[in-house]
A.B. asks: 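Let me begin by handing over the structure; questions about it come next.
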Amino acid sequence: MTSSGVPILTIDGPSGSGKGTISRAVAQKLGWHYLDSGALYRAVGVAAGWDDTDFSDHAALMRLAFNTRIEFSADGGSEPRVLVDGVDATDELRTETAGAAASAIAAIPEVRAALFEKQRSFLRAPGLVADGRDMGTVVFPEAAYKVFLTASAEERAERRYKQLKDKGLEVTIDGLLREIQARDARDAQRAVAPLKPAPDAILVDTTGVPIEGVVERVLALIPSVPG
Ligand code: DC
């Protein structure tokens with residue numbers, strides 16, 4: 001429980017750890033709201049691309065982070081559509097280009113500060129599942145339930161390969177593995193809010209574990225819900 005009385009479950013971890021799928025499934029089972037914080041960073045990265053904003057112009061990126069309207073069409077359940085300034089950008093947000101842009105702007109303290117309140121505003125009754133990199137460490141440190149998901153880089157590359165192949169994209173496992181390793185290093189080494197487990201987070205390794213197994217394990221942490 002938090003001072004607002006609304007329970008929070010944070011689910012942090014690197015890309016490809018299964019965070020999105022697991023967080024959405026858990027939020028749906030609990031009937032709680034869901035925050036996809038990565039989508040906010042992706043949306044600002046994409047909006048910067050639309051505007052031709054220079055990534056070295058931190059003041060302009062901060063203004064974009066404050067002013068870009070980011071709306072989710074559904075809360076929990078199936079994957080929601082994401083509207084960026086009224087435009088459906090769901091497919092563009094999922095691309096590797098958007099991921100790389102998000103990772104780059106996420107290293108800028110002004111951008112993180114600008115998105116802080118936006119993220120906090122998702123905290124509403126009956127509860128919140130917050131998915132990201134720094135949910136348990138920075139944005140919702142008061143959360144009663146914290147999970148840090150991991151999976152080997154090789155397995156994450158394979159998962160991503162299957163997803164992208166299903167969408168008909170031409171990618172190689174080796175290329176994806178290199179991208180994942182580069183992004184992990186950047187996210188873990190940045191000076192502000194680096195990717196690391198909160199001291200009170202429960203580590204869950206999803207390598208070789210089916211999604212349903214991880215969902216059960218996470219649900220078992222929440223007292224009033226049978227695991
Ligand atoms: O979870 P994702 O792949 O959609 O996140 C995209 C990028 O955004 C990721 O490389 C790091 C950044 N990010 C972050 O720094 N903090 C968050 N809470 C969520 C995402």
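Counting begins at 1 with the first residue of the sequence. All ligand and atom numbering here is 1-based and tracks the order in the structure. All heavy atoms count here, side chains included; hydrogens, waters and symmetry mates do not. In this text, all values refer to a predicted model and were calculated from it rather than measured experimentally.
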A.B. asks: Taking Arg159 for its side chain and Gly16 for its backbone only, find out whether a donor-acceptor pair lies under 3.5 Å.
C.D. replies: yes
A.B. asks: Looking at Lys146 and Asp200, is any side-chain nitrogen of the basic one under 4.0 Å from a carboxylate oxygen of the acidic one?
C.D. replies: yes
A.B. asks: Return a table of N or O atom pairs, ligand 1 on one side and protein on the other, at distances under 3.5 Å, rounded to 0.1 Å.
C.D. replies:
unit_1: ligand 1; atom_1: 1 (O); unit_2: Lys19; atom_2: NZ; d: 3.3
unit_1: ligand 1; atom_1: 1 (O); unit_2: Arg133; atom_2: NH1; d: 2.8
unit_1: ligand 1; atom_1: 3 (O); unit_2: Arg42; atom_2: NH2; d: 2.8
unit_1: ligand 1; atom_1: 3 (O); unit_2: Arg133; atom_2: NH2; d: 3.4
unit_1: ligand 1; atom_1: 4 (O); unit_2: Arg42; atom_2: NE; d: 2.6
unit_1: ligand 1; atom_1: 4 (O); unit_2: Arg42; atom_2: NH2; d: 3.4
unit_1: ligand 1; atom_1: 10 (O); unit_2: Arg183; atom_2: NH1; d: 3.2
unit_1: ligand 1; atom_1: 10 (O); unit_2: Asp187; atom_2: OD2; d: 3.1
unit_1: ligand 1; atom_1: 15 (O); unit_2: Arg112; atom_2: NH1; d: 2.8
unit_1: ligand 1; atom_1: 15 (O); unit_2: Arg112; atom_2: NH2; d: 3.4
unit_1: ligand 1; atom_1: 15 (O); unit_2: Arg190; atom_2: NH1; d: 3.0
unit_1: ligand 1; atom_1: 15 (O); unit_2: Arg190; atom_2: NH2; d: 2.9
unit_1: ligand 1; atom_1: 16 (N); unit_2: Arg112; atom_2: NH2; d: 3.0
unit_1: ligand 1; atom_1: 18 (N); unit_2: Ser37; atom_2: OG; d: 3.0
unit_1: ligand 1; atom_1: 18 (N); unit_2: Arg133; atom_2: N; d: 3.2
unit_1: ligand 1; atom_1: 18 (N); unit_2: Asp134; atom_2: OD1; d: 2.9

A.B. asks: Could you pull out all donor-acceptor pairs under 3.5 Å where a side-chain atom in residues 42-52 meets a protein atom, sequence neighbours excluded?
C.D. replies:
unit_1: Arg42; atom_1: NH1; unit_2: Leu93; atom_2: O; d: 2.8
unit_1: Trp50; atom_1: NE1; unit_2: Glu92; atom_2: OE1; d: 3.3
unit_1: Trp50; atom_1: NE1; unit_2: Glu92; atom_2: OE2; d: 3.4

A.B. asks: Please give the remaining members of the hydrophobic cluster of Leu169, linking ILVMFWY side chains under 4.5 Å, ordered by chain and number.
C.D. replies: Tyr161, Leu164, Val171, Ile173, Leu176
A.B. asks: What's in the same ILVMFWY side-chain cluster as Leu203, cut-off under 4.5 Å, chained through other members?
C.D. replies: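 Direct or chained contacts put Leu203 with Phe148, Leu195.
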A.B. asks: With a 3.5 Å distance limit and no angle check, can you tell me whether Thr90 reaches the backbone of Arg81 through a side-chain donor-acceptor pair?
C.D. replies: no
